[in-house]
Amino acid sequence: MHTSQELTKETKQHVEFNDYAVTQVLFGSHNHNLKTVEQAVGVHIHDRGNSLTITGKGHAVELAVSLLSQLYDLVRKGYPIFSQDIAFGIKILEASATASLAEIFLDKVCITAQKRVISPKSIHQKQYIEAIRANDIVFGIGPAGTGKTYLAVAMAVSALASEQVQRIILTRPAVEAGEKLGFLPGDMAQKVDPYLRPLTDALNDMIGSEKVADLIERGVIEVAPLAFMRGRTLNNGFIILDEAQNTTSEQMKMFLTRIGFDAKAVITGDITQIDLPGKQASGLSEAGKLFQKIDGIGFSRFDHNDVVRHPLVQKIIQAYARAKE
């Protein structure tokens with residue numbers, strides 16, 4: 001256990017790596033990755049061959065050593081390191097010094113049409129994926145940009161590919177139109193498209209727009225407003241209710257009671273962005289109180305540290321949270 005004085009005083013550590021080829025990938029072109037770590041952590045890194053000398057304040061040096069050592073092991077296992085992985089790794093190790101980046105980054109959820117591997121990028125994302133695997137109903141609650149919807153869609157695509165389910169159903173409440181879409185121009189698909197576009201964008205990214213269109217035409221994938229779920233029983237499917245903070249209590253009850261046999265449901269939302277008219281209570285907020293102790297229902301909560309969008313998004317979320325407090 002280090003004292004606060006030890007963690008803040010200037011210190012130096014040497015790190016030696018064995019594999020030259022792996023080391024070159026870790027360091028990056030023209031030491032780009034090392035420079036990224038220097039700037040992000042606040043240390044100075046001197047490289048010589050396969051070894052590094054890291055100097056700075058004690059806590060920063062320990063963070064840099066742990067980060068680079070774990071990233072080295074990831075590269076040895078074939079994981080490609082990008083700048084965003086360094087940023088994610090720093091946030092993970094700042095939150096938990098004993099966290100294993102390999103357990104998180106190597107948890108392959110699915111591979112996109114562009115051969116990109118989708119995996120968790122934070123401790124909460126890893127816990128979210130594990131909750132979806134372990135439970136038939138999971139609530140993912142947290143701010144925008146934390147990967148709640150994207151990872152849920154990735155898990156749905158993976159379940160469909162492995163034949164765990166026979167179809168994917170994606171739905172959202174169309175709050176802005178009051179679930180009454182008749183006055184909007186175009187046919188039904190054109191009417192609901194603006195509300196469901198984030199879901200179809202995620203699908204297109206993962207399996208390609210042509211295949212998505214084919215699966216929708218065959219009824220294997222269904223994308224529809226929440227109002228269209230009423231009266232149905234949803235068996236053998238992976239069902240995602242997005243933007244669930246904008247469901248009323250009655251709508252949430254209606255949705256949850258649609259779930260049939262061999263089905264899995266993921267409900268996502270941000271309770272700080274409720275757009276329901278008047279003083280209607282959010283069905284998502286209520287669900288968080290009603291179902292906490294029911295076996296088979298899991299809850300995953302995200303915060304600003306899980307944001308995987310532009311770095312400024314995290315600061316914007318923090319600013320709004322401070323203003324509300």
Side-chain angles (χ1 to χ4, degrees), residues 2 4 7-8 11 13 15 25-28 31-45 52 54 56-75 77 79-109 116-132 140-152 154-155 268 270 272 299-322 325:
H2 297 285
S4 58
L7 291 173
T8 55
T11 187
Q13 285 197 44
V15 186
V25 175
L26 173 66
F27 292 1
N31 286 351
H32 178 266
N33 291 341
L34 296 183
K35 292 172 184 174
T36 300
V37 174
E38 280 186 320
Q39 185 175 10
V41 180
V43 295
H44 175 70
I45 302 175
L52 297 175
I54 305 174
K57 292 184 177 179
H59 66 91
V61 170
E62 290 196 1
L63 174 59
V65 169
S66 177
L67 174 70
L68 290 166
S69 298
Q70 293 202 51
L71 290 177
Y72 174 81
D73 289 336
L74 281 167
V75 175
K77 293 173 181 175
Y79 186 89
I81 299 296
F82 298 100
S83 295
Q84 59 264 37
D85 293 311
I86 295 173
F88 295 143
I90 291 170
K91 287 203 290 185
I92 290 168
L93 294 174
E94 283 179 333
S96 174
T98 59
S100 167
L101 298 186
E103 286 186 7
I104 297 172
F105 288 175
L106 296 180
D107 187 352
K108 182 170 64 178
V109 177
R116 182 170 56 86
V117 175
I118 297 176
S119 61
K121 300 299 181 185
S122 73
I123 293 173
H124 288 152
Q125 286 193 356
K126 170 69 172 174
Q127 292 169 344
Y128 180 50
I129 288 169
E130 290 178 344
I132 294 173
I141 302 172
T146 50
K148 304 182 302 295
T149 302
Y150 194 80
L151 284 175
M155 290 293 287
T268 68
D270 177 5
T272 70
F299 283 84
S300 291
R301 300 185 186 275
F302 300 84
D303 57 35
H304 64 272
N305 291 312
D306 300 299
V307 171
V308 290
R309 292 180 181 170
H310 192 288
L312 284 175
V313 174
Q314 180 178 345
K315 296 178 181 178
I316 290 168
I317 291 169
Q318 288 176 293
Y320 275 114
R322 285 195 298 268
E325 290 171 2

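- For D107 (side chain) and I104 (main-chain N/O), no donor-acceptor pair under 3.5 Å exists by modelled atom type.
- Minimum interatomic distance between A99 and L93 (heavy atoms only, all atoms of both residues): O-CD2, 3.7 Å.
- Here H124 contributes atom NE2 and K126 contributes atom NZ; the two are 14.0 Å apart, rounded to the nearest 0.5 Å.
- Closest heavy-atom contact between D303 and T146: O-CG2, 3.5 Å.
- Between L63 and the options V43, I90, L68, a side-chain contact (heavy atoms from CB on, under 4.5 Å) holds for only I90.
- Considering only residues two or more places apart in sequence or on other chains, R116 meets the salt bridge (charged side-chain N to carboxylate O under 4.0 Å, His left out) condition with D205.
- Atoms CZ and CG, from F302 and D270 in turn, are 11.5 Å apart once rounded to the nearest 0.5 Å.
- The CG atom of L101 sits 6.5 Å away from the CG atom of L67 when rounded to the nearest 0.5 Å.
- For the pair I45 and E38, the tightest heavy-atom approach, listed with the atom from each and the gap, is N-OE2, 2.6 Å.
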Exercise for the section: List the steps and the verdict of side chain to side chain contact (heavy atoms under 4.5 Å, CB included) for Y79 and V117. Expected result: CA-CA 10 Å; Y79 186 89; V117 175; over 6 Å; no
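- Taken to the nearest 0.5 Å, the CD1 atom of I316 stands 13.5 Å off from the NE2 atom of H304.
- Among all heavy-atom pairs drawn from A102 and L74, the shortest one is CA-CD2, 3.7 Å.
- Summarising the geometry of V109 relative to P120, their closest heavy-atom pair is CG2-CD, 4.4 Å, with the distance given to 0.1 Å.
- Within the 3.5 Å criterion, the main-chain N or O of V307 finds a donor-acceptor partner in the side chain of K91.
- We find the CG-CG distance between L26 and N31 to be 9.5 Å, quoted to the nearest 0.5 Å.
- With values rounded to the nearest 0.5 angstrom, S119 atom OG is found 8.5 Å from L151 atom CG.
- Between N305 and S122 there is no side-chain heavy-atom pair separated by less than 4.5 Å.
- Between L34 and L52, some side-chain heavy-atom pair lies under the 4.5 Å cut-off.
- A distance-only check finds a donor-acceptor pair linking the side chain of Y128 to the backbone of K148 [under 3.5 Å].
- Between G147 and Q125, the shortest heavy-atom distance links the atoms CA-NE2, 4.0 Å.
- For CD of Q84, the number of neighbouring non-hydrogen atoms (other residues, nucleotides, ligands) closer than 6.0 Å is greater than 12.
- Between Y320 and T272 the shortest side-chain heavy-atom distance does not fall below 4.5 Å.
- At least one side-chain heavy atom of T36 sits less than 4.5 Å from a side-chain heavy atom of H32.
- Partners of D85 according to the salt bridge (charged side-chain N to carboxylate O under 4.0 Å, His left out) rule, which considers only residues two or more places apart in sequence or in another chain, are K121.
- Checked by atom type and distance alone, the side chain of Q127 never pairs as donor or acceptor with a backbone atom of S300 at under 3.5 Å.
- Between F105 and F88, the distance separating the two ring centers is not shorter than 6.0 angstrom.
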